[in-house]
Each structure stands twice: as structure tokens, then as C-alpha cells.
Amino acid sequence: MKKTFKSKTLYKAARSFIPGGVNSPVRAFKAVGSTPFFISRAKGSKIYDVDGNSYIDYVLSWGPMILGHAHPKVVQAIKKAAEKGTSYGAPTPLETELARLLLTIYPSMSMVRMVNSGTEATMSAIRVARGFTGRDKIIKFEGCYHGHADGLLVRAGSGATTFGVPDSPGVPASYARNTITIPFNDITAAKRIVEKEWRSIACVILEPVVGNIGCVLPKPSFLETLRTITKKSGIVLIFDEVMTGFRVALGGAQHYYGIRPDMTCLGKVIGGGLPVGAYGGRKDIMSSVSPEGPVYQAGTLSGNPLAMTAGITTINELLKKRTYNTLEKNSSHLEEGLVDAARKAGVRTRFYRAGSMFCTYFTDQDVFDYTSAKTADTKKFARFFKGMLEKGVNLAPSQFEAGFMSLAHTSSDIDKSIEAAYETLKKL
Ligand code: HOZ
């Protein structure tokens, strides 16, 4: 058994001061009937806890550490930037440089605004879509999680699904009324609602691959048809690529599936592990953002020099040759191993992967939306999670979160993880 004394003591102390002892719900390990380990440091593919245990990490800060933890170039760049000051609340050339990189890699965006998190990106994008169209309603899909803004916590994924509160108390009914939810991949329902209500619908927002109920892939033509019907009715199509950006492909799911959304939300990776989000899109839409246009959105820490530096350095590393071949090689290695381990151990699972994000569901049914994701046996998942942790492999502590691969994972890390999975699955 791993030592956990220090983590347990720290968790107890944290609970006296912080709700649930954590600053974001899923990381409390409640969904897997356990308590969290407290981190002392992380490097490359590994994360280390205060009790001296090390883990091969597939959480990667929920996605952004695509180069691996504490990448030397990113660390060096942040150190140098910090010496010049940590925040100015005034423009810097770094913001333009990161914006230029993003617009080159995501050509659907002609302009982009930096914010501090994915939540800020999606809530701002929706406000802009509403301001631009003069319409109030939005369409979102069940299980898609777009951060915790009011009106988006309706049938939401991530912690909201994990803890069984997809509709959070505290969200006024009047807000939620403007959010129409549809099952993911249900194009018939989307068509029906758009046909009936398009005059009042500002935008359709979705995670093109749903990372917040595991890893749910779009059915063929789902995204294309959404694109066609939204275009026809002047509805702004927003791709929330906070998870899928730089993960499904360098150019995100929009590049992979060949769809040009009107607006895109990014986060995680573009801050190289520091708090950043961004939203951008068509020039006519983005021109409505203040001070160019009337839609207000602001932030002192937006475009923060440390975050911009970490983002630029990370993206420049990702732009190097063969990066995505390596990510694909690592990810398919893990996929083959995990699928094989489950088969050999006689445990029924469904495995899904989009680029370097993935999920093993403990179900024998195909997973294509929220309802089918919920067929997964969460108790079995919890046993799997704990077994893996005990063997030094860190997965997200919920059946309804994606796993992530990094460039720092070695073949030996992956083989060890597959072996750990087989040993754990055998005993489930
Ligand atoms: N909801 C986040 C992932 N989908 C988890 C954030 C965190 O706990 O850091």
C-alpha cells in the first residue's frame, strides 16, 4: 500500500478552510470514494505527491501539459518573463504574438481576445453571439460542459455529471430558460428546434468531441449538418475547443473534421499550464467586442505576460516537426494496450480516442451521448481508478473525464501503464 499519511493530513486541514478541501470539485476524489493525494511537484510524464509517491500522469492538469510537466523551455521562458514583471494591465507585444499564432493555426478565427480561463472564454463568446445576433436563446448539448457560468450549467458534463447535479442550484430559472438542450449527436432534434425557434436562437455551442463526459465522438455528418443549419438561419456556431484544441489535432477538432465554426473557444494548452483562455471568430462578429464594438468584456489579468509567454513557448514547441506523429504513436500505443488488457482480463469496456484524448468506459454499450455514457458502471471505474493509482498510474478521478497523453510519455511509461491496467482489470 502506498503511503498517504501526509496527503490525508493536508486534506483534513484544507477541508477546514476550503469547501470540500479543493478549489475545483472533481479533484476531491469523491466520485471514486477516496481522498486526493496532494502534489509536491511534477516533471515530464510524472507527478509526485507529498508522501513521496510518483505516478505516470494521464490527467496532465486536465489537458494543458501536452509537452509534459515543467518542460525546460517553458520553465526558462516563464522565469525570464517574471524578471520583467508579472502583470501590467496594459498591452504587450506578447499578446499580439500569441494571437498571431492562434489565428494561423485556427484560420476560422480572424480575431481573438485573450481571457483567463475556458469558462471566461465560453461565457464571453455567448455574450458576443447574443449581442451580434440580437437574439437571447442558446442551444447546448447534454453532457457538454462549457465552464460554470450561469446558463451553461444546464445538463452539463464534468463535475456536474460526476456529482449528479447537471443543473446547479443557484442558477436562476430565468437564465436556464434561455438554454435549450439537445442530446449530443441527435441531429434530428437539432434540426427540429432550429426550424421552429431560429428567430430567437443566438448560437449553438458544443464541444465537437465531448471531453467532459469522457470522450464522445461526433457521428459522421453530425457536425456538418449543424454547420449547414446554423449558417442557413444566421445562428452563430461556437466550437468549444478548450479541451479538443491542440489535442484532437494541432488545429483542433475543426481541422480534423473539416468544419469552420463562426466562433471558437480555446483554453488549457494555449497557456502552457498557466491560466489562459481565448475566444475568437469571424471578423464581423468579433468586431462587436468592446472597445471596437458595443459588447462589453474585460479583465485586468487578460493577456498576462507570464501566461502569454508560456503559451507562445508551448505552441512553438508543438509546431516542431513530427510532434503530432509522436503524440499519435504514444496515444495509439496506449489505446491498443488498454483495449487488449480489457479483452484479456474479460472486462467489458468501450474505448474512445480523439488524437491525444481518450476514455475507457466500463460499459458494453456504444457511447455516443450523455445517456449512453451514463450506462458506465461507475463503481467498477472507481475500483479500476484506485487499482491504477496504487500501481503508480494517475487517471482522472471520474468516469466522466477524459485522459490525456503528452510528448513526455515514454514507451516504457506506456507499457507500465498497460501492465498496471491488466493487473487491475483482472481483479475487478
Ligand atoms: N472540470 C475540469 C475538467 N473537465 C476539472 C478541473 C479541475 O479540477 O482542475
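The model shown is predicted, which means the values in this text are computed figures rather than measured ones.
The structure places CG of Leu301 at 11.0 Å from OG of Ser117, a figure rounded to the nearest 0.5 Å. Atom-to-atom distance recorded for Ser417:OG and Asn394:CG is 10.5 Å, nearest 0.5 angstrom. A distance of 8.0 Å separates CG of Leu94 from CE of Met308, quoted to the nearest 0.5 Å. Atom OG1 of Thr133 is separated from atom CD1 of Ile235 by 9.0 Å, given to the nearest 0.5 angstrom. Between the OG atom of Ser45 and the NE2 atom of His409 there is a distance of 5.0 Å, given to the nearest 0.5 Å. With values rounded to the nearest 0.5 angstrom, Lys2 atom NZ is found 7.5 Å from Leu389 atom CG.
Annotation: cation-pi geometry not satisfied between Lys46 and Tyr55 (NZ/CZ under 6.0 angstrom from ring centroid, within 45° of ring axis).
A distance-only check finds no donor-acceptor pair linking the side chain of Gln399 to the backbone of Ala376 [under 3.5 Å]. Between the Thr228 side chain and the Glu224 main chain, a donor and an acceptor come within less than 3.5 Å of each other. At least one donor-acceptor pair closer than 3.5 Å links the side chain of Arg350 to the backbone N or O of Asp364. No side-chain donor-acceptor contact under 3.5 Å links Asp240 to the backbone of Val210. Between the side chain of Asp136 and the backbone N or O of Asn178 there is no donor-acceptor pair closer than 3.5 Å. No side-chain donor-acceptor contact under 3.5 Å links Arg113 to the backbone of Met286. The closest donor-acceptor contact from the side chain of Thr179 to the backbone of Gly151 lies under 3.5 Å. Listed for the Ser372 side chain is no donor-acceptor partner under 3.5 Å among the backbone atoms of Val367. Lys140 contributes a side-chain N or O that, together with a main-chain N or O of Cys144, makes up a donor-acceptor pair within less than 3.5 Å. Side-chain atoms of Arg322 never come within 3.5 Å of backbone atoms of Tyr324 as a donor-acceptor pair (strictly under, hydrogens ignored).
Ile126 places a side-chain heavy atom less than 4.5 Å from the side chain of Cys203. Counting heavy atoms from C-beta on, the side chains of Tyr257 and Pro218 come closer than 4.5 Å. A heavy-atom distance below 4.5 Å is found between the side chains of Ile66 and Leu318. Residues Cys265 and Phe239 have side chains not in contact (no heavy-atom distance under 4.5 Å, counting atoms from C-beta outward). Side-chain atoms of Tyr361 and Tyr352, non-hydrogen and from C-beta on, do get closer than 4.5 Å to each other. You'll find the side chain of Asp57 reaches within 4.5 Å of the side chain of Leu60, heavy atoms only. Side-chain atoms of Val209 and Val216, non-hydrogen and from C-beta on, never get closer than 4.5 Å to each other. Here the side chains of Ile139 and Val194 are in contact, with some heavy-atom distance below 4.5 Å.
When each of Thr314, Val276, Ile312, Ile105 is tested with Ile270 by the rule side chain to side chain contact (heavy atoms under 4.5 Å, CB included), just one qualifies, namely Val276. In summary, of the residues considered (Glu241, Arg260, Arg227), a side chain to side chain donor-acceptor pair (under 3.5 Å) with Gln254 occurs for Glu241 alone.
Between the side chains of Thr363 and Thr375, at least one donor N or O sits under 3.5 Å from an acceptor N or O.
Counted within 6.0 Å of NZ on Lys426, heavy atoms from surrounding residues, nucleotides or ligands total more than 12; the atom is thus considered enclosed. The number of heavy atoms from other shown groups lying within 6.0 Å of NZ (Lys344) is above 12. Annotation for His69: atom NE2 counts as buried by contact number, over 12 foreign heavy atoms lying within 6.0 Å. Around NZ of Lys6, the count of heavy atoms belonging to other residues, nucleotides or ligands within 6.0 Å does not exceed 12.
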**OP:** Using the side-chain contact (heavy atoms from CB on, under 4.5 Å) rule, take Leu319 and Leu101 through it: C-alpha gap first, then chi angles, then the decisive distance, then the call.
**Re:** CA-CA 10 Å; Leu319 284 170; Leu101 279 171; 3.8 Å; yes
Subject >> Evaluation steps, side-chain hydrogen bond (donor to acceptor under 3.5 Å, both in side chains), between Ser356 and Ser331 >> reply: CA-CA 6 Å; Ser356 55; Ser331 308; 5.1 Å; no
**OP:** Test ring pair (Phe, Tyr, Trp, His ring centres under 6.0 Å) on Phe246 and Tyr106 and set out the steps.
**Re:** CA-CA 10 Å; Phe246 296 89; Tyr106 289 78; 5.4 Å; yes
**OP:** Would you check, one step at a time, whether the test side-chain contact (heavy atoms from CB on, under 4.5 Å) holds for Met357 with Glu401?
**Re:** CA-CA 10 Å; Met357 52 192 278; Glu401 296 284 355; over 6 Å; no
**OP:** With side-chain contact (heavy atoms from CB on, under 4.5 Å) as the test, would you mind laying out the steps for Leu334 and Asn330 before giving the verdict?
**Re:** CA-CA 6 Å; Leu334 185 70; Asn330 288 356; over 6 Å; no
**OP:** Might you work through the salt bridge (charged side-chain N to carboxylate O under 4.0 Å, His left out) test for Glu197 and Lys137, ending with a clear yes or no?
**Re:** CA-CA 9 Å; Glu197 300 203 37; Lys137 288 194 179 161; 3.1 Å; yes
**OP:** Take Val128 and Tyr279 through the side-chain contact (heavy atoms from CB on, under 4.5 Å) test and state the conclusion after the steps.
**Re:** CA-CA 10 Å; Val128 172; Tyr279 67 95; 3.8 Å; yes
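Between Ser332 and Arg353, the shortest heavy-atom distance links the atoms CB-NH2, 3.5 Å. Across all non-hydrogen atoms, the minimal contact from Leu306 to Ile78 is CD2-O, 4.0 Å. Shortest non-hydrogen contact noted between Ala354 and Cys215 is N-SG, 3.9 Å. Here the closest heavy-atom approach between residue Ile213 and residue Glu142 is recorded as CD1-O, 4.4 Å. The shortest non-hydrogen separation linking Phe141 to Phe184 is CD2-CA, 3.8 Å. Val289 and Gln297 make their closest contact through CG1-OE1, 4.5 Å (heavy atoms, listed as atom of the first residue, atom of the second, distance).
Aromatic ring centroids of Phe362 and Phe384 lie under 6.0 Å apart.
Partners of Val339 according to the side-chain contact (heavy atoms from CB on, under 4.5 Å) rule, which considers only residues two or more places apart in sequence or in another chain, are Glu335, Phe351.
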Donor-acceptor pairs are to be reported for all side-chain atoms of residues 18-41 against protein atoms at under 3.5 Å, with residues two or more places apart or in another chain.
unit_1: Ser40; atom_1: OG; unit_2: Tyr48; atom_2: O; d: 3.4
unit_1: Ser40; atom_1: OG; unit_2: Asp49; atom_2: O; d: 3.4

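Ion pairing of Asp413 with Lys416 is absent here, as no side-chain N (NZ or NE/NH1/NH2) approaches a carboxylate O to less than 4.0 Å. Remark: Glu317 engages Lys73 in a salt bridge, criterion side-chain N to carboxylate O under 4.0 Å.
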